[in-house]
There are 2 protein chains.
Amino acid sequence: MADSTIIQRCEAKGLRMTDQRRIVARVIGAADDHPDVEELYARASAVDPKISLATVYRTVKLFEEAGILERLEFGDGRARYEDAERDHHDHLIDVTTGQVIEFIDQEIEDLQEKIAARLGYKLIGHRLELLAVPVAKPSKT
Amino acid sequence: MADSTIIQRCEAKGLRMTDQRRIVARVIGAADDHPDVEELYARASAVDPKISLATVYRTVKLFEEAGILERLEFGDGRARYEDAERDHHDHLIDVTTGQVIEFIDQEIEDLQEKIAARLGYKLIGHRLELLAVPVAKPSKT
DNA sequence: GTATCTGCAAAATCTTTGCACGATA
DNA sequence: TATCGTGCAAAGATTTTGCAGATAC
């Protein structure tokens, strides 16, 4: 399932697929960053200049409610989106550059389940962002 | 320092203290939840009906930039604030009720440092929210 | 063919800001 | 008293929505 495309998952869920939705789906599927809606709109406009910002908003909301996309918030007041079926990962934000690094750590995942259980809850999701600064100088020119 | 009031910390930082800022400081200091700005404005208005929403916004931003308050985002599009000097903790959100439970787990804190270090970073902060559902029925009527 | 989607523009929501007046140190 | 803060209303930024025409199934 991790190798199914967003479009395939939309069809599997019975969503009506329009040209605009396919474009948004492909744009997000091709992204390896965390675009906000304005950025998705820009990338979608490159494919179809007639697409509207409202449609992009409606589409990401639809996909999110269908569990196809995940909405992220990095604290700058704009929602960002990524493919929910990509392997789960968390984010480390380099506060000196704004760069976002993805990581996964099974120990943290397990620990979170344990903490929720201790509080009488069953974990269904989480948001984890580490804010950090580089230890060594980045390998910049 | 954890037992100093917000007002004391403002004075220590040389912030000019007005009646309005004192009111906002006391309202947040007295809160044991995570009020958004509109809610802070309501609570402050109960003390001084002439205070303006703009002043509350300016004050929480000022306090946040001074490191006195922490800005939280729970994904509903509104910023929330809490006293940054309260003992550090993370949040578990009961998605069935929206209730927010605070917790602290040293293992998770240590693990986060380790992960950042492994990626070549020094951790300076983090955001962690667990989304969960109750295991047993809540003790409701 | 009918229900749903799109584009546009207006509106809703949250937050910031210019300006004249008022308060702080 | 000089500087900085406040209140108000207007403006900004992001997101949502009403409506008429267009499209998917």
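For clarity, every value in this text was computed on a predicted model and none was experimentally measured. Proteins get letters first, then strands, A, B, ... in listed order; numbering begins at 1 in each.
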Got a sec, which residues hit side chain to side chain donor-acceptor pair (under 3.5 Å) with B/Ser45, two or more places apart in sequence or on another chain?
-> none
Provide the full list of ring-ring contact (aromatic ring centres under 6.0 Å, His included) pairs with a residue in residues 23-54 of chain A, sequence neighbours left out, each pair given once.
-> A/His34-A/Phe74, A/His34-A/His91
Could you list by number each residue of residues 25-41 of chain A showing a heavy-atom separation from DNA chain C of less than 4.0 Å, or answer none if no residue does?
-> none
Sorted by chain and number, sequence neighbours left out, side chain to side chain donor-acceptor pair (under 3.5 Å) with A/Glu70 holds for none
Sugar-phosphate or base contact per nucleotide [nucleotides 16-24 of chain C; S, B, -; heavy atom under 4.0 Å] | BBB-----B
Can you hop from A/Met17 to A/Ile28 via hydrophobic side chains spaced under 4.5 Å?
-> yes
Using a heavy-atom cut-off of 4.0 Å to chain A, what are the terminal contacting nucleotides of DNA chain D, in 5' to 3' order?
-> D/dT14 to D/dC25
Over its full length, what angle do the end axes of the helix from C/dG1-D/dC25 to C/dA25-D/dT1 make, each axis taken from five pairs and the result rounded to 10 degrees?
-> 40°
Which residue pairs pass the salt bridge (charged side-chain N to carboxylate O under 4.0 Å, His left out) test when at least one of the two sits in residues 20-34 of chain A, sequence neighbours left out?
-> A/Asp19-A/Arg22, A/Asp33-A/Arg43
Could I get the full list of side chain to side chain donor-acceptor pair (under 3.5 Å) partners for A/Arg58, not counting sequence neighbours?
-> none
Pairs touching residues 59-69 of chain A that satisfy side-chain hydrogen bond (donor to acceptor under 3.5 Å, both in side chains), sequence neighbours left out = A/Glu64-A/Arg71
Atom pair distance, as rounded to whole Å: CG in A/Leu15 and P in C/dT4 = 13 Å
Please step through side chain to side chain contact (heavy atoms under 4.5 Å, CB included) for the pair B/Gln20 and B/Lys50, ending with a clear verdict.
-> CA-CA 9 Å; B/Gln20 292 90 337; B/Lys50 300 169 297 311; over 6 Å; no
Which pairs count as ring-ring contact (aromatic ring centres under 6.0 Å, His included) when at least one residue sits in residues 45-69 of chain A, sequence neighbours excluded?
-> none
Is any NZ, NE, NH1 or NH2 atom of the basic residue among B/Asp105 and A/Arg118 found under 4.0 Å from an Asp or Glu carboxylate oxygen of the other?
-> yes
Sequence neighbours excluded, the answer for side chain to side chain donor-acceptor pair (under 3.5 Å) partners of B/Tyr121 is A/Asp94
Measure the CZ-CD distance between B/Arg78 and B/Glu38 for me, rounded to the nearest 0.5 Å.
-> 9.0 Å
